[in-house]
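For reference, the structure discussed in these notes is given below.
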Amino acid sequence: MDKIKNSPPAIKLTGLRKRYGSGDAAVDALKGVDMTVWPGEVVGLIGPSGSGKSTLLKCLGAVIEPTGGHMELAGETIYDGASGGWKIPDLRTLRRDRIGFVFQAPYLIPFLDVTDNVALLPMLAGVDNATARQRALELLTALDVAHRAKAQVSQLSGGEQQRVAIARSLANHAPIILADEPTAPLDSERALTVIRILNDMAQQFRTAIIVVTHDEKIIPTFKRIYQIRDGKTHEEAGEGRTV
Amino acid sequence: MINLAGRDILHGWGKFLFTGVGLGLLIGVTLSMAGIYRGMVDDGQVLIDNSGADLWVVQQGTLGPYAEPSSIRDDVWRGIAGLPGVAETGNAAYLTIQIQHAGIEARVMIVGMEVDRPNRPGAPAYLTAGRPVLAGHYEAIADEKTGLALGERIRIRRHEYVIVGLTRRMVSASGDPMIFVPLKDAQEIQFLKDNDALLNERARTAANPAFNRPGVPGLLEAVQAAGAQSRMVNTVLVRLSPGADADAVANEIQRWKRLTAYTRAQMEDILIAKLIATSSKQIGMFLAILSVVTAAIVAFIIYTMTMAKIREIAVLKLIGAKNRTIALMILQQALGLGLIGFLVGRVASGLWAPVFPKYVLLLPGDALRGFAIVMLICALASVVAIRAALRIDPAEAIGG
Ligand SMILES: Nc1ncnc2c1ncn2[C@@H]1O[C@H](COP(=O)(O)OP(=O)(O)OP(=O)(O)O)[C@@H](O)[C@H]1O
Ligand SMILES: [Mg+2]
């Protein structure tokens with residue numbers, strides 16, 4: 001593992017818990033998750049349906065609030081269940097600048113064209129329109145959807161939409177990328193392309209990446225895999241095949 | 001940063017435009033309402049301006065001649081004409097009647113004016129066609145709104161009049177077009193009894209021993225002749241000489257002549273504040289209700305439009321858009337809707353204004369005020385939608 005010893009882990013979770021609802025209807029989706037991801041690492045997250053993979057990513061992405069445990073990003077405590085919850089006031093800025101999220105569905109903005117869906121992220125962070133669109137176009141080219149750059153999102157196929165969503169998650173060069181089954185609607189060749197791009201990002205920008213997947217073809221590419229079962233994670237070594 | 005509101009509008013512009021046009025028709029009604037009020041005020045204003053008078057001398061204690069009946073003798077002008085500061089006087093008689101012409105009924109105001117000299121107060125200020133009334137009888141000048149043409153003959157009560165001139169925007173305080181006739185004719189129309197009443201009156205006078213004295217030949221005839229003539233008018237219009245003080249002359253007339261005299265400012269107050277006070281309150285009430293209805297509709301439209309975008313707003317929040325960005329998007333759409341609505345409303349009110357039977361005066365100032373109010377209403381109405389949008393929990397709006 002090519003981590004720099006004196007830099008803190010990009011993600012460090014200890015005993016992270018998430019309970020949905022309360023009383024009889026309560027669901028304990030996460031029952032104490034421990035996880036460490038270093039900058040520049042692409043880590044797999046696998047587990048049966050309903051095991052809490054999406055829940056874990058949403059907690060990490062500050063989309064939902066955990067109900068216990070501890071969460072650190074780049075050495076900074078973001079959440080601490082023992083001392084009242086979120087430790088930073090502005091979760092949206094955190095999401096905008098530090099986390100790229102690929103949701104399980106693309107969730108593109110239908111009234112923006114493909115380029116602006118990707119460029120919107122840097123624009124929200126204050127990048128000027130031309131630079132943001134330039135960056136968007138580069139990402140769309142890398143993900144093989146540049147020919148649809150001016151199209152409306154409703155005119156794209158499911159796989160194309162997903163690739164645009166991946167491009168969007170990369171657009172702000174966030175130090176953390178959370179991808180929830182990013183390759184599910186893609187053919188295996190394109191799925192491997194996505195994984196290669198994520199690996200390149202990790203290499204080039206020292207991005208920490210978590211990829212949730214069921215895909216038998218891409219699981220062997222991870223060097224490290226977290227298996228989630230009964231609301232807890234179990235670390236496994238992966239094959240780390242090059243793509 | 002791109003304009004999210006604009007992009008969303010362009011994406012579904014047909015729906016947006018359609019909604020805007022609907023709102024615009026409502027705003028058009030509101031603007032027309034204001035125009036109707038302005039038209040009423042303007043009717044009063046042109047009545048004052050076009051009478052060519054600086055003072056109105058009327059029966060003591062009345063608000064005549066337009067707002068209340070007033071009748072004074074037609075020779076009081078002699079005493080007034082001699083006062084310092086008075087340049088010209090003119091008797092005038094006013095009477096609103098229903099006339100029938102070419103099968104169409106219309107309400108008109110008959111104005112009796114002095115025709116012995118040109119340009120006496122009371123005559124129309126300008127003609128759009130034809131010539132002034134020259135004959136002492138049975139010639140008339142009509143406002144274009146009556147639909148009468150030059151040379152046409154029109155029957156008013158017992159006599160036929162020929163239209164010798166046309167004028168424009170000469171209307172009564174309630175917007176009825178005017179027909180100008182010689183004073184003597186107007187007096188006859190207004191004060192004279194019909195033949196039956198006349199015969200009746202004569203018989204009664206003849207039966208009265210006080211008037212029918214065998215020893216005084218000619219008395220009965222004299223009394224009867226006096227009864228058959230009218231010596232009354234509604235007002236004496238006074239034009240002042242340049243530099244004369246209207247209030248001073250008015251005071252002078254009131255002091256010596258047992259009459260009431262109104263200056264232009266006072267007449268404006270009577271016509272615009274007093275005469276149409278109830279109507280303008282009525283319109284004000286209507287305007288208030290329309291504004292509330294518009295606000296409610298805009299609020300509802302914007303709310304619906306926003307709720308249709310819950311998913312997009314959730315995604316915007318997820319990728320880190322600030323509340324300000326989201327609120328601005330909704331606000332801009334509300335203002336955009338208001339802008340379209342206002343433009344459509346302004347055009348619509350202009351298009352249908354001439355079709356209204358009474359004068360509808362659309363003032364640019366009112367349009368500007370209307371625009372500001374529409375924008376304010378839209379901004380306020382968007383608050384409900386903005387609050388709802390900011391409450392959206394992004395985690396709930398997305399699945400998996
Ligand atoms: N909003 C919610 N309210 C209540 N329970 C929830 C909620 N979201 C998820 N759950 C429950 O939490 C558990 C974990 O769900 P989660 O979506 O994290 O699973 P997952 O591993 O992503 O599954 P999949 O592979 O099907 O996407 C499930 O039992 C699910 O029913
Ligand atoms: Mg899931």
Side-chain angles (χ1 to χ4, degrees), chain A residues 18 20 49-50 53-55 57-59 61-65 90-113 115-129 132-133 152-154 165 168-169 171-172 174 178 180-181 184 212, chain B residues 1-20 301-302 304-337 385-386 389-400:
Chain A
K18 173 63 186 176
Y20 287 112
S49 179
K53 305 182 294 295
S54 294
T55 302
L57 285 204
K58 284 186 202 165
C59 288
V63 175
I64 57 176
E65 185 171 357
D90 188 0
L91 296 179
R92 272 192 225 172
T93 305
L94 171 82
R95 287 200 294 261
R96 187 190 71 194
D97 297 340
R98 296 172 65 178
I99 294 162
F101 211 127
V102 185
F103 305 99
Q104 214 167 335
Y107 296 129
L108 299 175
I109 310 275
F111 55 80
L112 298 181
D113 67 16
T115 310
D116 283 345
N117 257 283
V118 178
L120 180 61
L121 222 82
M123 286 176 188
L124 285 175
V127 176
D128 69 272
N129 289 5
R133 290 208 175 101
Q152 295 294 308
V153 290
S154 59
R168 179 176 67 187
S169 74
N172 261 359
L178 307 170
D180 197 346
E181 304 200 33
V212 171
Chain B
M1 185 63 200
I2 41 180
N3 186 309
L4 294 172
R7 292 308 186 86
D8 184 37
I9 290 172
L10 286 181
H11 188 250
W13 64 268
K15 203 171 82 187
F16 195 81
L17 196 69
F18 196 64
T19 315
I301 294 172
I302 295 294
T304 316
M305 267 168 38
T306 305
M307 287 303 106
K309 282 199 294 286
I310 285 190
R311 179 64 68 74
E312 289 79 0
I313 290 169
V315 173
L316 284 173
K317 287 186 178 183
L318 283 175
I319 63 177
K322 296 254 186 288
N323 279 347
R324 188 158 29 90
T325 309
I326 293 164
L328 196 68
M329 175 175 83
I330 298 170
L331 177 68
Q332 285 174 339
Q333 291 191 336
L335 295 181
L337 197 66
I386 289 174
L390 296 188
R391 268 200 304 270
I392 293 171
D393 178 2
E396 274 174 21
I398 64 159

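Computed from heavy atoms alone, side chains included, the values below leave out hydrogens, waters and symmetry copies. Reminder, nothing fancy here: chain letters follow the sequence lines and each chain counts from 1.
- Contacts between residues 9-20 of chain B and chain A, defined by a heavy-atom separation under 4.5 Å, are made by B:His11.
- Using a 4.5 Å heavy-atom threshold, the side chains of B:Asp8 and A:Ile109 count as separate.
- Taking the side chain as every heavy atom from C-beta outward, B:Lys322 and A:Thr93 approach each other to under 4.5 Å.
- Residues A:Ile64 and B:Asp393 have side chains not in contact (no heavy-atom distance under 4.5 Å, counting atoms from C-beta outward).
- Your options are B:Leu318, B:Thr325, B:Asn323, and the one with the most heavy-atom pairs under 4.5 Å with chain A is B:Leu318.
- Residue A:Pro122 does not touch chain B at all, counting heavy-atom pairs closer than 4.5 Å.
- Remark: A:Asp128 engages A:Thr131 in a side-chain hydrogen bond (donor to acceptor under 3.5 Å, both in side chains) (not counting sequence neighbours).
- Both the backbone and the side chain of A:Leu124 come within contact range of chain B, each with at least one heavy atom under 4.5 Å from a heavy atom of that chain.
- A 4.5 Å side-chain heavy-atom check between B:Ile2 and A:Arg133 finds at least one atom pair inside the cut-off.
- Side-chain atoms of A:Arg95 never come within 3.5 Å of backbone atoms of B:Gly320 as a donor-acceptor pair (strictly under, hydrogens ignored).
- Two residues are said to be in side-chain contact when any heavy atoms from C-beta on lie closer than 4.5 Å; B:Lys309 and A:Phe111 meet this criterion.
- Remark: B:Leu4 CG to A:Met123 CE distance equals 9.5 Å, nearest 0.5 Å.
- In this structure, chain B has a heavy atom under 4.5 Å from the side chain of A:Gln152, while its backbone stays farther away.
- Expressed to the nearest 0.5 Å, how far CD1 of B:Ile319 lies from CZ of A:Phe101 amounts to 13.0 Å.
- Across all non-hydrogen atoms, the minimal contact from B:Met1 to A:Asn129 is N-OD1, 2.6 Å.
- Rounding to the nearest 0.5 Å places CG of B:Leu316 at 13.0 Å from CZ of A:Arg96.
- Smallest separation of non-hydrogen atoms from B:Val315 and A:Arg168: CG1-NH1, 3.7 Å.
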